[in-house]
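Inspection log for the structure reproduced underneath, given as structure tokens.
Letters A, B, ... mirror the listed sequences (proteins, then strands); counts begin at 1. Everything numeric here is computed off the predicted structure, so don't read it as measured data.
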Amino acid sequence: MKKVVSGADEAIQDIPSGAVLMLGGFGLCGIPENCIAALVKKGINNLTCISNNAGVDDFGIGLMLQKKQVKKMISSYVGENAEFERQMLSGELEVELIPQGTLATRCMATAYGMPAVYLLAGYGTEVAEGKEIRNFNGKNYLLENAFNSDFAIVKAWKGDTQGNLIFKDTARNFNPLMAMAGKITIVEVEELVEPGVLDPNFIHVPGIYVHRIFKGLHYEKRIEQRTVRKVSK
Amino acid sequence: MKKVVSGADEAIQDIPSGAVLMLGGFGLCGIPENCIAALVKKGINNLTCISNNAGVDDFGIGLMLQKKQVKKMISSYVGENAEFERQMLSGELEVELIPQGTLATRCMATAYGMPAVYLLAGYGTEVAEGKEIRNFNGKNYLLENAFNSDFAIVKAWKGDTQGNLIFKDTARNFNPLMAMAGKITIVEVEELVEPGVLDPNFIHVPGIYVHRIFKGLHYEKRIEQRTVRKVSK
Amino acid sequence: MLNKEQIAKRIAQELQDGFYVNLGIGIPTLVANYIPDGLDVVLQSENGLLGMGPFPFEGEEDPDLINAGKQTITTIPGSAFFDSAMSFGMIRAGKVHLTVLGAMEVADNGDIANWKIPGKMVKGMGGAMDLVAAAQNIIVAMQHTNPKGESKLLSKCTLPLTGVGCVKKVVTDLGVFNITENGFECIEYAPGVTINEIIAKTAGRLTIAPTVKEIVL
Amino acid sequence: MLNKEQIAKRIAQELQDGFYVNLGIGIPTLVANYIPDGLDVVLQSENGLLGMGPFPFEGEEDPDLINAGKQTITTIPGSAFFDSAMSFGMIRAGKVHLTVLGAMEVADNGDIANWKIPGKMVKGMGGAMDLVAAAQNIIVAMQHTNPKGESKLLSKCTLPLTGVGCVKKVVTDLGVFNITENGFECIEYAPGVTINEIIAKTAGRLTIAPTVKEIVL
């Protein structure tokens, strides 16, 4: 069971053009920086990316957009990105907007072997168009399908060589869900340790869900909205 | 936000006869010993208990069965209990048997605000009788409803006064799921700490799901099947 | 008329001890500054945090610790992190007592539109549709009229909906409005605002509560 | 004829490096003793553990650490605990490569019955229905005949089913059988067992593979 790979290039080497990818992160927080750089370098295209956001112009998935590698984005919020807007308005880029909780829960459904789930979000809105609606206990729910992706690419804080993962703070977000939802799950971590180092009671994603893991390099971790308070005197 | 109560008696004081309870634990592992003792003392009856197992004759839910407090058990496995068997065969006790994963996932559905879930288990068996069956991608699933209980009673390892919980080893089992599924959730812990003591990255159940918490006393933690190996010479 | 801070301050009066609260971007965020002393209120950030603290001190920003508006934040004792599915799961299961968010339009039946303007760049609904569909109690914080002076309290939303029949209360610069079977019910008016002005600037069905009074901050 | 240990040993030959495996109670549990050297195989216990270790040394039993058979166990480096929903979630999502379990009856279309005998006390299905419905690959370990000498490999199960069309392979004291479109296919026979004996003791449709050979342990 060799899950450890040398780095991002090896981890993504068999991802073909046209693949459906899940990419973890919320905004620029907890994104798989190394794998994104490797995807840009590899130059594959026609990708469908399931990711809560699409990065900014010069960071995150924005880097892949600059290279026109993305055919379709499936996201909940895609602002803060001029090139994205240009491609979307020109019709080069297809965009499917999904409520954030629905996005998360459709990942979880895949992870838990549930083919579809009934969710409240979007009833009575254009999100409901074409979807089955069903009333349970007086409330209306939409039937939402589990996601079907080829690869999940996520960023964890620490991982062991068997693929057990833990995440830090709000860099957790979609990462564990996508890690568990991938047909092939690729994980970059800040710290890669031997089995037994991580406390088995505090594993966020058990190794069974993880296929490839490597220690990422040079994390920039860009901050999108730096907000601070002054030290009170 | 006062969630801390003095003990099991106070925690369960408003549970009426006829209530629907979820009780955490797998076998005798991770069961809410203090609350069960208090329920026996209180003497309420006609209870419906959703719990993976029903204890043994003189421990766990078996103690409530001895006092004829349980009207109905909803479980996946109920062996190892002579009084249970007697009541069941005599018709005093109603028993609904549910596949273990279905039991767990119906708790999770409640916790996550999903009214019902499609699950594979039991298709083509008597468990499927009367249930909606639906084919997704060539597989047949049963529609299973989220549980509707009045109280969830669980045992955690450590908890803080805001209700954040962590569980130990396989004493986790159904406990976090039921804790998150309860309309009113009552938790007994081995160690009750102040907010800030537990690492926010390693909380299994956030306090938002917990209504009452107390430090349990005198845990017996009976072992059902003591299996050991000899020290090899 | 209330300014943004005052709208937030008025909404803070709705808080109760033990409330778990989700605050949207904009005016709703300001509510955190006016939590009454002695109330234990826990803020939920839907990107995966319960127990959101204030902004960090300069130099202490952590890129791994942000709120749903992507701002750097801090934790407090008792905070807990979780993934996005659990975050919306607890919202859907009704564990969050109050959600405060902004809106472009609110209809007198509780419909809300706050995510999309046809013809303009659509950035997405983020978590708004989940929040409005699932939260127990939703208060909208917004200006009573748009920059053209047109009412944002309508009989029917003109913009694409975010959710239907979900808003329970609206607090604007002009007053406080419950949403009832009979549409907007004005229960309080802002200092310096007349009932007639409220009537003139409200396009949806409007009733004035017999007990209507001036907002006290 | 194989004894129980030998049935387990034969099933262990099905293991591959990197397999995550769930072993049921009884003969399946014994498979853990025969994992070939050099193979990295991780055992899942459906009550919430990946990486199940051996029984504890005397005096080191921990009541908080048991397997699905409620036996005291240990962890190994790399173990992980999780709740029951995630446990069955990973099974349902096809992450567990192999499930080995016992049966009262198996039909030649892969149906299995192993949880209930009408008229006798019913203890429940535990996790068996979830496992058989959702696991990728299910091998049954059992005696070929019941104590009365009647075949447990049938054309149709007579007992209430646990799952339909799910068993891929059966290993008995008499041989190894794939389940194919044409029913049971004998691919190996136990030492000292004749094909005629297998034919005589198998009630379901049976074919003998052209490549049939003696089991090598």
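Contact annotation for C:Asn67: only backbone heavy atoms (N, CA, C, O) come within less than 4.5 Å of a heavy atom of chain A. At a 4.5 Å heavy-atom cutoff, A:Glu220 makes no contact with chain C through either its backbone or its side chain. Looking at A:Asn52, neither its backbone nor its side chain comes within 4.5 Å of chain C, counting heavy atoms on both sides. For C:Phe55, the parts lying under 4.5 angstrom from a heavy atom of chain A are both the backbone and the side chain.
Annotation: maximal heavy-atom pairing with chain C below 4.5 Å, among A:Ser76, A:Ala121, A:Ala54, A:Ala104, occurs at A:Ser76. Between chain C and the options A:Tyr77, A:Phe174, A:Trp157, the largest number of non-hydrogen pairs under 4.5 Å is found for A:Tyr77.
Among residues 81-89 of chain A, the residues having any heavy atom closer than 4.5 Å to a heavy atom of chain C are, in sequence order, A:Phe84, A:Glu85, A:Met88. Near-neighbour residues of residues 146-170 of chain C relative to chain A, defined by a heavy atom under 4.5 Å from a heavy atom of that chain, comprise C:Pro160, C:Leu161, C:Thr162, C:Gly163, C:Val164. Residues of residues 135-143 of chain A never come within less than 4.5 angstrom of chain C, heavy atom to heavy atom. Interface with chain C: from residues 163-170 of chain A, residues A:Lys168, A:Asp169, A:Thr170 qualify, criterion being any non-hydrogen pair under 4.5 Å.
In this structure a side-chain-to-backbone donor-acceptor pair under 3.5 Å is present from A:Thr110 to A:Arg106.
C:Phe184 and C:Phe177 have perpendicular rings, their planes meeting at more than 60° on a 0 to 90° scale where under 30° would count as parallel.
The closest side-chain donor-acceptor pair between A:Tyr219 and A:Glu188 falls under 3.5 angstrom. Side-chain N/O atoms of A:Glu132 and A:Tyr118 include a donor and acceptor closer than 3.5 Å.
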